[in-house]
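A quick write-up on the structure given underneath.
Heavy atoms only: backbone and side chains are in, while hydrogens, waters and symmetry mates are out.
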Amino acid sequence: MGFYSANTPEQKRVKKLTGDINISEMFKNECETRGIPIYNAYNIQKRLLHEVEQEQLHGVKEVDDRLMELLDERSKNKVTHRYVDFISNEDSASKGVIPPRSDGNASLPPKDQIKIPPKEDEKTSLPPKDQIRIPPRARDGKKFYTDDELPEKEMLKKIILQNKKIINQNKIIIDLLKKQGEKDD
């Protein structure tokens, strides 16, 4: 059994240009030459890896161009060279990467030529929002009214409950005041 690496050529190229977990010395020196702080070097590395993982960059050439864009964008000093030209492409070629699966249908067109019919807009099949009524507590079917919708009996119950709470709070305050009065004597 041989060792298999699942890294794509783009991921290998990013690691070759910027380093793996730690920033490589060449990339660090390039950032210092351009006046880019070290934290921005890490941000550039993360940005490239993110774009590769999201499949926004396809091919080693696009990775190189995107790195140069990011370096030029963040640099404070002008340089006369292209950083990616110092690092060879052969080392980051995809050795050991399994080719994409083939179903035996060699006559399939490339992905960019396949046209997928647009899906029907799901929002058009739903009724308008004002017609959708979701009960607040579906498990018991109890309906909660606003103050304007409450019947008179329910409103009185609500007022009585509020008054009981106020009376209980007042009792607690009176007890505390009595204790304060006993301490002052």
Side-chain angles (χ1 to χ4, degrees), residues 1-139 144:
M1 274 286 166
F3 175 76
Y4 170 70
S5 172
N7 290 338
T8 62
E10 293 87 2
Q11 288 172 327
K12 288 181 181 180
R13 185 65 177 164
V14 170
K15 288 179 182 173
K16 181 75 175 166
L17 292 170
T18 62
D20 197 1
I21 295 172
N22 297 319
I23 300 290
S24 68
E25 287 300 316
M26 277 185 70
F27 188 61
K28 204 179 284 186
N29 293 338
E30 180 66 24
C31 289
E32 286 175 13
T33 304
R34 292 174 177 265
I36 299 173
I38 190 70
Y39 64 87
N40 271 340
Y42 280 104
N43 290 343
I44 290 171
Q45 180 188 36
K46 280 193 247 178
R47 183 78 213 155
L48 273 175
L49 284 172
H50 176 73
E51 289 180 7
V52 167
E53 288 170 359
Q54 297 297 318
E55 297 181 359
Q56 295 173 354
L57 302 175
H58 300 285
V60 175
K61 176 83 171 108
E62 282 188 33
V63 172
D64 290 353
D65 293 341
R66 181 65 178 144
L67 174 64
M68 291 310 297
E69 282 176 27
L70 291 171
L71 284 173
D72 290 340
E73 191 177 288
R74 306 254 172 113
S75 68
K76 297 175 181 147
N77 306 330
K78 294 289 180 189
V79 293
T80 59
H81 64 277
R82 267 179 58 94
Y83 169 69
V84 295
D85 294 336
F86 292 123
I87 299 172
S88 68
N89 276 335
E90 292 85 30
D91 295 339
S92 57
S94 67
K95 297 175 187 168
V97 174
I98 296 175
R101 183 174 158 193
S102 164
D103 294 333
N105 298 336
S107 62
L108 289 176
K111 284 185 181 179
D112 57 336
Q113 293 179 359
I114 296 175
K115 293 183 181 178
I116 300 172
K119 295 181 180 179
E120 291 183 24
D121 191 12
E122 295 173 1
K123 293 181 181 179
T124 57
S125 63
L126 295 176
K129 279 189 174 181
D130 57 342
Q131 292 179 1
I132 298 174
R133 180 84 176 167
I134 300 173
R137 294 178 62 188
R139 67 176 178 268
F144 294 98

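Looking only at side-chain heavy atoms (C-beta outward), L57 and D65 stay at 4.5 Å or farther from each other. You'll find the side chain of R13 stays beyond 4.5 Å of the side chain of V52, heavy atoms only. The shortest side-chain heavy-atom distance between N29 and E32 falls under the 4.5 Å cut-off. Between L71 and C31 there is a side-chain heavy-atom pair separated by less than 4.5 Å. Contact annotation: the side chain of E53 approaches that of Q11 to within less than 4.5 Å [non-hydrogen atoms, C-beta and beyond]. Taking 4.5 Å as the limit, every side-chain heavy atom of S75 sits out of range of all side-chain heavy atoms of E30. Taking the side chain as every heavy atom from C-beta outward, I23 and Y42 approach each other to under 4.5 Å. K12 places none of its side-chain heavy atoms less than 4.5 Å from the side chain of V60.
Heavy atoms only, all atoms of each residue included: P37 and K76 are closest at CD-NZ, 4.2 Å. Taking all atoms of both residues into account, the shortest heavy-atom contact from Q45 to G19 is NE2-O, 2.9 Å. Minimum interatomic distance between F27 and L17 (heavy atoms only, all atoms of both residues): CB-O, 3.6 Å.
Interatomic distance, S24 OG to K16 NZ, rounded to the nearest 0.5 Å: 9.0 Å. Atom CG of residue L67 and atom CZ of residue R47 lie 13.5 Å apart, to the nearest 0.5 angstrom. For the atom pair CG (N43) and CD1 (I38), the distance works out to 10.5 Å, reported to the nearest 0.5 Å. One distance of note links CG of D72 with CZ of R34; it measures 5.0 Å at 0.5 Å rounding. Considering CG of L49 and OG1 of T18, their distance stands at 6.0 Å, rounded to 0.5 Å.
Judged as a salt bridge (Lys or Arg N to Asp or Glu O under 4.0 Å), and not counting sequence neighbours, the contacts of K28 are E25.
Proximity of a side-chain donor or acceptor of Q54 to a complementary backbone N or O of H50 within less than 3.5 Å is not detected.
Comment: E69 engages R66 in a salt bridge, judged by a side-chain N to carboxylate O separation of less than 4.0 angstrom.
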